[in-house]
Amino acid sequence: MKTSVLLAFSFVLPLIRAQVPHWGPCPEPDVQPGFSLKQFMGRWFEVARLPAQFEKGRCMETNFTLTTGSTIRVVSSEVFKGQTRKIEGTGVIEDMKNPAKLGISYSYVLPYSPYWILATDYTNTALVYSCTDILRLFHVDFAWILSRTRTLPEATILNAKETFVNNHIDVSRMIDTKQEGCDKYL
């Protein structure tokens, strides 16, 4: 048993290198009550995030387009080494009774990853959380502060971080996303 846990850990360690691992299972934060997928659609800019291996550039943004009542097209982009990189995926409402708990996949072979909307006013900000349990021994967090504009007032960012903390999500390693000089690329 000990050997199999160590072997499994050696395979997942490279996957979580840039992320923020924590002992124990994922927290169960509250999500946006009465969430409206239709109002959430459109362009969102990433203002801050927990470190993520799959995000290496700057000028991060995601555009959500409703394709059916419970399915969305997700196009994320970033500028990395002077080049615009885009990736397209699919999002779904996994439980119609709780529409703020989305699942997103950027590959046909990978399962949907949690993409939970903790809070949004639809016109200015959105707080998004994702968490993956690894063998129920530890979990890897992802958290984003999104905005309809490339920047937010510092007070808004502090309030957003407080919301995460109140939901038992450690954002002490959250970093600002560079959003300067982006318009010439996107």
Side-chain angles (χ1 to χ4, degrees), residues 18-20 29-32 34-67 71-93 99-107 112-132 140-167 169-186:
Q19 280 70 247
V20 182
D30 294 330
V31 295
Q32 175 81 22
F35 178 73
S36 168
L37 187 60
K38 186 176 180 180
Q39 287 182 298
F40 186 75
M41 295 298 96
R43 189 178 191 190
W44 288 95
F45 299 100
E46 179 185 285
V47 174
R49 70 176 183 273
L50 286 178
Q53 184 177 1
F54 51 86
E55 291 185 78
K56 297 177 181 172
R58 60 189 185 86
C59 304
M60 268 58 145
E61 65 179 70
T62 301
N63 199 339
F64 300 93
T65 307
L66 200 58
T67 56
T71 305
I72 55 176
R73 178 175 175 245
V74 182
V75 179
S76 296
S77 63
E78 70 177 349
V79 174
F80 183 68
K81 295 185 178 179
Q83 300 292 316
T84 301
R85 299 189 325 181
K86 291 186 179 194
I87 187 168
E88 186 174 331
T90 302
V92 296
I93 295 176
K101 289 187 175 182
L102 303 174
I104 293 183
S105 179
Y106 288 99
S107 169
Y112 287 93
S113 296
Y115 194 86
W116 294 2
I117 313 304
L118 303 190
T120 185
D121 62 4
Y122 304 105
T123 58
N124 295 304
T125 61
L127 308 182
V128 179
Y129 179 68
S130 182
C131 188
T132 302
V140 179
D141 282 317
F142 302 93
W144 299 271
I145 299 173
L146 305 179
S147 175
R148 294 291 190 182
T149 60
R150 292 196 185 276
T151 61
L152 284 172
E154 188 61 33
T156 303
I157 294 170
L158 291 174
N159 286 338
K161 288 180 179 180
E162 186 176 320
T163 298
F164 285 118
V165 169
N166 290 341
N167 279 283
I169 299 165
D170 179 7
V171 291
S172 61
R173 292 184 51 201
M174 189 166 262
I175 56 175
D176 294 336
T177 302
K178 294 178 181 166
Q179 290 285 357
E180 298 84 24
C182 300
D183 292 331
K184 67 181 180 180
Y185 292 100
L186 303 172

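Values below: every heavy atom of this structure, side chains too, minus hydrogens, waters and symmetry copies. Keep in mind that what you see is a predicted model, and the values were worked out from it rather than measured.
A donor-acceptor contact shorter than 3.5 Å links the side chain of Thr120 to the backbone of Thr125. Side-chain atoms of Asn167 come within 3.5 Å of backbone N or O of Asp30 as a donor-acceptor pair. Judged by distance alone, with hydrogens and angles left aside, the side-chain atoms of Arg49 form no donor-acceptor pair with the main-chain N or O of Leu146 at under 3.5 Å. Checked by atom type and distance alone, the side chain of Asp170 pairs as donor or acceptor with a backbone atom of Ser172 at under 3.5 Å.
The line from CD of Glu154 to CG of Asn159 is 10.0 Å long, rounded to the nearest 0.5 Å. Distance check: Arg43 CZ to Thr65 OG1 gives 12.0 Å after rounding to the nearest 0.5 Å. To the nearest 0.5 angstrom, Phe54 atom CZ is 10.0 Å from Glu78 atom CD. Here the CD1-CD1 distance, from Ile72 to Ile93, works out to 8.0 Å after rounding to the nearest 0.5 Å.
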Could you go through the side-chain contact (heavy atoms from CB on, under 4.5 Å) check for Val74 and Tyr106 one step at a time? CA-CA 8 Å; Val74 182; Tyr106 288 99; 3.3 Å; yes

Applying side-chain contact (heavy atoms from CB on, under 4.5 Å), run through Glu55 and Trp144 and close with a yes or a no. CA-CA 12 Å; Glu55 291 185 78; Trp144 299 271; 2.8 Å; yes

Run Ile157 and Met174 through side-chain contact (heavy atoms from CB on, under 4.5 Å) and show every step you take. CA-CA 11 Å; Ile157 294 170; Met174 189 166 262; over 6 Å; no

Yes or no on side-chain contact (heavy atoms from CB on, under 4.5 Å) for Val92 and Thr71, after CA distance, side-chain angles and deciding distance? CA-CA 5 Å; Val92 296; Thr71 305; 4.2 Å; yes

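Heavy-atom minimum distance, Ser76 versus Thr62: OG-OG1, 3.0 Å. Shown here for Ser147 and Leu152, the closest heavy-atom pair between the two residues is OG-CD2, 3.3 Å. Annotation for Thr177 and Glu46: closest pair OG1-OE2, 2.6 Å, computed over non-hydrogen atoms. Of all heavy-atom pairs between Tyr122 and Phe35, the closest is OH-CA, 3.4 Å. When all heavy atoms of Leu50 and Arg173 are compared, the closest pair comes out as CD2-C, 4.0 Å. Ser77 and Lys86 make their closest contact through CB-CG, 3.6 Å (heavy atoms, listed as atom of the first residue, atom of the second, distance).
No close placement of the Tyr129 and Phe164 rings is indicated, their centers lying 6.0 Å or farther apart.
Using a 4.5 Å heavy-atom threshold, the side chains of Cys131 and Asp141 count as touching. By the 4.5 Å heavy-atom criterion applied to side chains, Leu127 and Gln32 are not counted as neighbours. Put simply, the side chain of Cys59 reaches to within 4.5 Å of the side chain of Gln179, judged on heavy atoms. Here the side chains of Pro114 and Lys101 are not in contact, with every heavy-atom distance at 4.5 Å or above. With a 4.5 Å cut-off on side-chain heavy atoms, Tyr112 and Leu102 do not count as touching. Using a 4.5 Å cut-off on side-chain heavy atoms (C-beta onward), Trp44 and Arg148 make contact. Within the 4.5 Å cutoff, the side chain of Val47 has no heavy atoms near those of the Thr156 side chain. Looking only at side-chain heavy atoms (C-beta outward), Pro99 and Leu37 stay at 4.5 Å or farther from each other.
A salt bridge links Arg150 with Glu61: the distance from a Lys NZ or Arg NE/NH1/NH2 to an Asp or Glu carboxylate oxygen falls below 4.0 Å. A salt bridge links Glu88 with Arg73: the distance from a Lys NZ or Arg NE/NH1/NH2 to an Asp or Glu carboxylate oxygen falls below 4.0 Å.
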